[in-house]
Structure formats: C-alpha cells, structure tokens
2 protein chains.
Amino acid sequence: MNQQITPTYRPLYQQIKEALLARVVAGEWPPGTFIPSESALAEQYGVSVGTLRKALDALANDKVVIRYQGKGTVVATHDSDRSLFQFFRLIGLDGSRCLPISRVLTRERRAATHEEAGMLELQKGEDVVHIRRIRELDDHPALLEDLVVSATRFAGLEREPAPLPNTLYHLYQQRFGHSVAHAEERIFAVAADAEHQAHLGVEIGSPLLEIRRIAKDLQDTPLEYRISRCETQHHCYFNEL
Amino acid sequence: MNQQITPTYRPLYQQIKEALLARVVAGEWPPGTFIPSESALAEQYGVSVGTLRKALDALANDKVVIRYQGKGTVVATHDSDRSLFQFFRLIGLDGSRCLPISRVLTRERRAATHEEAGMLELQKGEDVVHIRRIRELDDHPALLEDLVVSATRFAGLEREPAPLPNTLYHLYQQRFGHSVAHAEERIFAVAADAEHQAHLGVEIGSPLLEIRRIAKDLQDTPLEYRISRCETQHHCYFNEL
DNA sequence: TACAATTTGTGCGTATGTATA
DNA sequence: ATATACATACGCACAAATTGT
C-alpha cells in the first residue's frame with residue numbers, strides 16, 4: 001500500500017479507511033458480520049496496527065462499523081436501536097422516546113414524478129414504489145407518511161409481505177442489500193388538508209410539521225425520498241446542536 | 001496523575017481531558033487564546049504525548065478547542081462561523097446559507113415566569129432579561145424571536161449598546177464570560193397570531209415553525225431559553241442525520 | 001472454577017512529515 | 001534556514017472483555 005494513490009498527498013490511514021469502506025460497499029462483509037481482526041488487516045495491507053486502528057476508529061465514528069472489545073468489529077446494521085435513535089427524532093412532550101407503529105394505507109408501483117426523479121436521481125421514465133402509511137405514537141395517529149423508492153433498485157417491494165415492518169430501513173438492508181447510512185431533512189410548517197383531517201383527526205388548516213427526508217447510502221446514492229406530516233400537539237421534533 | 005480518582009476505573013486520557021476541560025471552564029485559558037503545546041502539557045501531567053493527544057483530540061471533537069497544525073490549539077470562540085454553522089439551521093429553499101440581520105423590538109428586565117424559571121433552573125423570584133427581535137433573511141422578515149436569560153448572570157444586558165450584534169452568543173462570551181457550548185431544540189408547528197401578522201407579514205392562522213431552544217454552557221448550565229417562530233415559505237430548517 | 005487464547009482498548013516512546021511563524 | 005507545533009506512522013507492552021477449553 002503506497003502513499004501516492006493520487007498525486008496529492010493523503011494520509012495512509014485515510015487510504016486504508018477508504019479501502020476498507022470499499023470492501024464493505026462491495027458486500028465482502030455483509031452487515032452484521034465480523035470483519036478480520038486488526039492484526040490480520042494490518043498484515044494484509046502491510047501497515048502497523050496503530051495505523052489500521054486509526055482507519056477503523058474513523059469508520060466507527062462514521063457508524064459504518066461497531067467495535068466490541070474482546071469480540072471484534074462488525075459492520076453496522078439497522079437494528080431497531082439504530083433506526084430509532086439515529087433516524088427517528090420525534091419525542092413526547094415530556095421527553096420520552098416513543099416507538100411508532102405503522103399501518104400501510106396504499107402501496108403501488110407507478111411512474112416517478114418530476115420532483116421524485118430529481119430527488120432520487122432517476123432516469124427519465126423510471127418507475128418508483130410509492131408507500132403511504134400512518135404511524136401511531138402512543139395509540140394515537142400522529143404521522144402521515146409518503147415515501148418513494150426506485151422500483152428497479154427495490155424490485156418487488158410493492159409485493160412484499162403484507163405487514164411491512166415499522167422499521168423499513170431494516171427491510172431495505174435485509175431484503176434488498178441497500179443500507180441507509182445517513183439522511184438530510186428539511187422541515188417546514190404547513191396547513192392540514194382534508195386527508196390529514198381524515199387520517200390524523202386534526203382540523204383542516206391546522207398547522208402541521210412537514211419533514212422532507214432524503215436517505216442515502218454509503219456512497220451518497222439517494223435511496224428513499226420521504227415526506228412526513230406530523231401533528232405536534234402530543235409530540236415534537238427533537239434536535240441536539 | 002493517578003488512575004484512581006474514583007473507585008471505578010477510568011482511562012487516563014479521559015481524566016486528562018476532564019482536567020483540561022476544568023481549566024478551560026475556570027477561565028485559565030480564555031476563549032480565543034492558545035493553550036500550551038502538547039509536549040508541555042504532557043510534561044505537566046506526567047503522561048506521554050500520545051495520551052495527551054487523545055485527550056486534546058476528544059476536546060476538539062466536542063468543539064471545546066480547535067487545533068491548527070503548525071500553530072497550536074486554541075479555545076473555541078463564537079466567531080460568526082461557529083454561530084452560523086453550528087447553531088443556525090435555517091437555509092434557503094435552494095439550499096443557500098443566508099446570514100440573518102437582527103432588529104431588536106423590545107428589551108426589558110422583569111420577573112421570570114414559571115416556565116422560564118424552570119427552563120433556566122432559576123431560583124424563585126429571580127429576574128430575567130427578555131429580548132424580542134425580528135430577524136431578516138434576504139431583506140425579508142422571517143423570524144420573530146423571544147429570548148430570556150438570567151438577569152443576574154447577564155447583569156446589565158438590558159442596558160447594552162443599542163445595536164445588539166446579530167450573533168448574540170459572541171456577546172455572551174465577550175461581555176459576560178459565558179460560552180454557549182451546545183443546545184437542545186424542540187420544534188413544533190403553530191398557527192400565526194396577530195403579532196406574527198404585524199411583524200412577519202403572514203396571514204393570521206397560517207402555519208409557522210416554532211423552535212424552542214435551550215442553550216447550555218460546558219457544564220450543562222442553561223444560559224438562554226429562546227423561542228423562534230419562522231415562516232417557511234422562503235426558508236426551511238435543515239438537519240443532517 | 002480456573003485458565004488460556006483472541007480481540008479491542010490504553011499507554012508509552014520514538015521518528016518523521018507538514019504547516020506556520 | 002530555523003524553530004515550534006501539530007499530524008502521521010511505527011512498534012511494543014499491558015489491561016480489559018469475551019469466548020472456549
């Protein structure tokens with residue numbers, strides 16, 4: 001492993017990090033499996049264990065892998081924990097974390113709209129799978145969600161087993177081999193319409209939180225575009241700066 | 001520097017980290033000043049440079065200090081950059097970061113309400129300074145902000161020079177020696193009232209984003225409670241997960 | 001229960017590279 | 001050029017956690 005992959009200087013441990021990341025992305029070590037030990041990898045790349053440690057620490061920092069003292073290093077999965085703490089930011093007014101229960105309303109395959117194609121970086125005319133569901137928090141309907149994914153990337157999602165799991169990212173990873181690594185959210189305040197009245201039991205025109213999320217994989221490929229509308233009488237969006 | 005401060009074992013570099021943090025908090029190195037070099041500090045504590053490096057790296061990760069190769073390590077300040085990128089999460093619809101311009105409406109010292117006393121952990125009957133201002137983004141009034149701080153902790157803030165800087169946290173640090181280290185935000189959707197109509201030019205009842213922020217210092221002491229109401233026709237709240 | 005093997009975590013020391021003044 | 005400071009890289013020793021014998 002030489003120091004000059006490109007003419008510009010890059011630290012060795014960063015090159016190792018990228019090499020390891022490439023192997024994760026390539027599927028050599030599927031999510032949930034243990035990767036080789038530090039000493040074994042250090043020997044493979046011909047670097048010191050300290051250098052390899054720094055690469056693994058950086059990957060752990062990015063939540064690509066998780067390290068367990070005495071056991072080894074595993075590729076990160078979408079356990080309920082991760083989906084809940086990293087990607088679900090709604091909490092009760094008292095600060096309690098409540099786990100959502102999903103109920104699917106519609107599920108269909110159709111052509112992507114112009115906006116969806118742009119968000120998901122799809123070719124002209126590609127299909128998407130569109131899922132609409134409501135999510136209950138504390139036995140009370142709180143969210144109306146519309147989400148779309150590429151129908152080619154997630155082939156057959158519209159025919160998946162009836163009760164979709166309420167942690168969809170786990171399904172993406174298990175069934176389709178696509179892991180959501182991070183996401184961007186843009187939040188707006190909007191007025192409720194008749195649909196929200198019907199499903200969430202709020203007045204037409206009452207204020208709702210609208211959360212537009214683009215979920216991406218390790219290579220920044222957009223996997224899912226999701227719009228959630230949330231009633232904030234009983235819950236709120238929480239963020240730490 | 002022994003390994004046993006408490007009966008429970010704690011890594012040496014964490015103990016060093018806390019010792020250094022304590023000296024920052026005590027004001028030994030004010031924000032913006034350079035702290036001693038790695039080798040000097042390592043000698044002071046009788047540890048290796050590697051161990052001290054790990055402590056400093058952790059502090060840099062927490063944004064307590066900033067490291068410059070070839071120059072040294074400085075205690076973090078509230079430059080416009082930090083206030084803007086860490087604490088200001090509103091962006092234009094096109095993704096542009098727009099810097100806000102503030103105009104103060106009212107500024108008064110008064111008794112704390114029950115809610116404010118709870119949020120700021122004040123004694124019964126303590127005073128607060130209350131500032132109300134609007135903030136413009138792209139020459140368009142976009143936010144109506146109400147913020148309160150302890151009148152004893154920020155003594156004389158209500159008599160500060162007329163044009164308050166639009167980055168208040170910088171003033172807190174410079175004038176009162178209180179540095180905002182992190183914050184919690186809770187976001188709601190609310191309906192605009194007559195005041196919002198007057199100041200933001202929106203219809204009564206139209207949806208607004210309400211951001212309730214508690215800003216804390218390095219020791220988790222709440223410094224400021226702030227409620228911002230934001231119109232999201234031209235801007236939105238941005239968050240990365 | 002005790003012990004050993006494996007793996008990551010911590011700590012030390014040293015040498016060299018890069019950036020800044 | 002020189003000096004200083006942080007960044008990278010190597011190697012070693014030992015501690016702590018886990019697992020199997």
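Chain letters run A, B, ... following the sequence lines, proteins first, then strands; residues in each count from 1. Excluded from the calculations below are hydrogen atoms, water molecules and symmetry mates; all remaining heavy atoms, backbone and side chain alike, are included.
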The nucleotide from C:dT14, D:dT8, C:dT10 with an atom nearest the side chain of B:V49 is C:dT14
B:R10 atom CZ is separated from C:dG9 atom P, nearest whole Å, by 17 Å
Would you call B:E38 and B:R67 a salt bridge, taking side-chain N to carboxylate O under 4.0 Å as the test?
-> yes
Between CG of B:L12 and C1' of D:dC14 the distance, given in whole Å, is 14 Å
From OH of A:Y9 across to P of D:dA7 the rounded distance in Å is 12 Å
Contact check, residues 64-79 of chain B vs DNA chain D, heavy-atom distance under 4.0 Å, returns B:R67, B:Y68, B:Q69, B:G70, B:K71, B:G72, B:T73
Give me the ring orientation class for A:H78 and A:Y169: parallel if the planes are under 30° apart, tilted from 30 to 60°, perpendicular past 60°. perpendicular
Taken to the nearest whole Å, NZ/A:K54 to C1'/C:dG17 is 13 Å
Rounded to whole Å, CG of A:L52 lies from C1' of D:dC12 at a distance of 17 Å
ask   = Do side-chain atoms of B:Q15 reach the backbone of B:R10 as a donor and acceptor pair under 3.5 angstrom?
value = yes
Applying the 3.5 Å cut-off to both distances, the Watson-Crick or G-U partner of C:dT1 turns out to be none
Sorted by chain and residue number, the side chain to side chain contact (heavy atoms under 4.5 Å, CB included) partners of B:A26 (sequence neighbours excluded) come out as none
*Relative to the ring of A:F154, is the ring of A:Y172 parallel (under 30°), tilted (30 to 60°) or perpendicular (over 60°)?*
tilted
So the side chain to side chain donor-acceptor pair (under 3.5 Å) pairs with at least one residue in residues 24-36 of chain A (sequence neighbours excluded) are A:R23-A:E28
Within residues 21-39 of chain B, the residues having a heavy atom closer than 4.0 Å to DNA chain C are none
Quick note, A:R53 side chain, CB onward, closest among D:dA9, C:dG9, C:dG11 is C:dG9
In whole angstroms, the gap separating C1' of D:dC10 from OH of A:Y45 amounts to 19 Å
Rounded to whole Å, the CG-P distance (A:L56 to D:dA9) equals 14 Å
Contacts of B:R103 meeting salt bridge (charged side-chain N to carboxylate O under 4.0 Å, His left out) (sequence neighbours excluded), chain-then-number -> none
Worksheet item: Is the shortest side-chain N/O distance from A:S48 to OP1 or OP2 of D:dC10 below 4.0 Å?
Response: yes
Per salt bridge (charged side-chain N to carboxylate O under 4.0 Å, His left out), B:E145 is matched among B:R213, B:R212, B:R133 by B:R133
Those residues at least two apart in sequence (or on a different chain) that pass ring pair (Phe, Tyr, Trp, His ring centres under 6.0 Å) with B:F88 are none
Here the distance between atom C1' of D:dA16 and atom OH of B:Y13, to the nearest Å, is 13 Å
